[in-house]
Amino acid sequence: MSLQIGRQTMSPWLVLPSVVVFTVGAGFGVSSQADLATGKFYEIVGGKVDARTYNGFRRYHGSCNHCHGPDGMGSTFASALVDRLPDLEVFRRSVRDGVRSGPSVMKGFANDPNVAPYIDDIYAYLQARADGALGRGRPERLEN
């Protein structure tokens, strides 16, 4: 059997991999959209976190915990993030542009290559912590 496209005939063995890749990719898109529809940016299965949340843990502890404390619990320098996590847009703007509240000032990280591209990952980690879905300490990562 073959598939005719215009004047060329294609073997189904050439078309099948494309169909499989498209179908699998569409399935991942639906899953991600479903997670976003529920407002959850993290996935935790059996106590293990998805790659985004794990990366958020790493990025948070590389750049944010110095002021906001380990695991987003707060410190004498900055507030806890897990007590009142803002919505995603406010979080993005605060991290990119910085925040000034009276004498407290947080610099913006818009030009920091270790933070700016990963703001949503950091948010996923903090959201999991704020929801109580993830405990303190280094999480285990789900296998791909």
Side-chain angles (χ1 to χ4, degrees), residues 3-6 8 10-144:
L3 179 66
Q4 178 132 10
I5 299 177
Q8 296 180 347
M10 294 184 68
S11 165
W13 299 110
L14 295 175
V15 175
L16 185 60
S18 299
V19 172
V20 169
V21 167
F22 176 76
T23 303
V24 170
F28 282 125
V30 170
S31 173
S32 298
Q33 289 173 354
D35 290 343
L36 294 178
T38 64
K40 303 298 177 201
F41 294 89
Y42 60 88
E43 180 182 3
I44 300 176
V45 178
K48 297 180 179 181
V49 300
D50 62 303
R52 165 188 264 184
T53 306
Y54 186 80
N55 189 46
F57 164 83
R58 290 179 51 245
R59 301 293 172 169
Y60 175 85
H61 284 86
S63 299
C64 310
N65 78 320
H66 308 302
C67 295
H68 289 283
D71 306 308
M73 298 297 292
S75 73
T76 57
F77 294 112
S79 63
L81 297 172
V82 296
D83 291 341
R84 277 192 15 216
L85 187 66
D87 70 38
L88 180 59
E89 287 306 315
V90 171
F91 184 79
R92 284 176 179 155
R93 187 174 47 252
S94 297
V95 174
R96 274 193 319 262
D97 303 338
V99 177
R100 177 178 288 268
S101 176
S104 298
V105 176
M106 180 182 100
K107 74 173 189 140
F109 291 88
N111 296 319
D112 188 327
N114 294 309
V115 176
Y118 307 105
I119 293 173
D120 289 3
D121 294 2
I122 295 168
Y123 188 85
Y125 165 68
L126 290 171
Q127 185 183 48
R129 289 278 303 121
D131 289 351
L134 183 62
R136 296 190 70 180
R138 179 179 295 273
E140 288 187 61
R141 192 165 76 182
L142 284 169
E143 297 300 318
N144 291 333

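Any value given below was found using the heavy atoms of this structure, including those in side chains, with hydrogens, waters and symmetry copies removed. No experiment lies behind these values; they were computed from the predicted model shown.
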query = Is it the case that Arg138 and Tyr54 place a side-chain donor and acceptor less than 3.5 Å from each other?
reply = yes
query = Between His68 and Ser79, is there a donor-acceptor pair closer than 3.5 Å when you use the side chain of the first and the backbone of the second?
reply = yes
request  = Without swapping roles, check the side chain of Asp71 against the backbone of Met73 for a donor-acceptor pair under 3.5 Å.
outcome  = no
ask   = Below 4.5 Å, heavy atoms only, C-beta onward: do Val115 and Arg59 meet side chain to side chain?
value = no
query = Counting only heavy atoms not in Arg141, do more than 12 fall under 6.0 Å of its CZ?
reply = no
inquiry  = If you count every heavy atom of other residues, nucleotides or ligands that lies below 6.0 Å from Asn111 atom CG, does the total exceed 12?
reply    = no
query = Less than 4.5 Å apart, any side-chain heavy atom of Tyr123 and any of Arg92?
reply = no
query = Nearest heavy-atom pair of Ala110 and Ala116: which atoms, and what distance?
reply = O-CB, 3.4 Å
request  = Measure across Ile119 and Arg96 and return the closest heavy-atom pair with its distance rounded to 0.1 Å.
outcome  = CD1-CG, 3.7 Å
query = Can you tell me how far the NZ atom of Lys107 sits from the CG atom of Asp97, to the nearest 0.5 Å?
reply = 13.0 Å
query = Between Tyr60 and Tyr125, how do the two ring planes meet: parallel, tilted or perpendicular, split at 30° and 60°?
reply = tilted
query = So which heavy atom on Ala133 is nearest to which on Ile44, and how close?
reply = O-CD1, 3.3 Å
inquiry  = Checking side-chain polar atoms at under 3.5 Å, does Arg58 have a donor or acceptor matched by the opposite partner on Asn55?
reply    = yes
ask   = Would a 4.5 Å heavy-atom cut-off, applied to side chains only, mark Ile122 and Phe91 as touching?
value = yes
query = For Met106 and Val95, which heavy atoms make the closest approach, and how far apart are they?
reply = CE-CA, 3.9 Å
key: Heavy-atom pair with the smallest gap, counting every atom of Leu81 and Leu126   = CD1-CD1, 3.7 Å
key: Point-to-point distance, once rounded to the nearest 0.5 Å, from OH of Tyr118 to CG of Asp121   = 8.0 Å
note = Scanning both residues in full, the closest heavy-atom pair of Ala124 with Arg52 reads CB-CD, 3.6 Å
message = Quick one: does any side-chain atom of Glu140 pair with a main-chain N or O of Gly46 as donor and acceptor, under 3.5 Å?
response = no
task = Answer whether the closest heavy-atom distance between the side chains of Val49 and Phe57 falls below 4.5 Å.
result = no
ask   = Can you check whether Leu134's main-chain N or O pairs, donor with acceptor, with Arg129's side chain at less than 3.5 Å?
value = yes
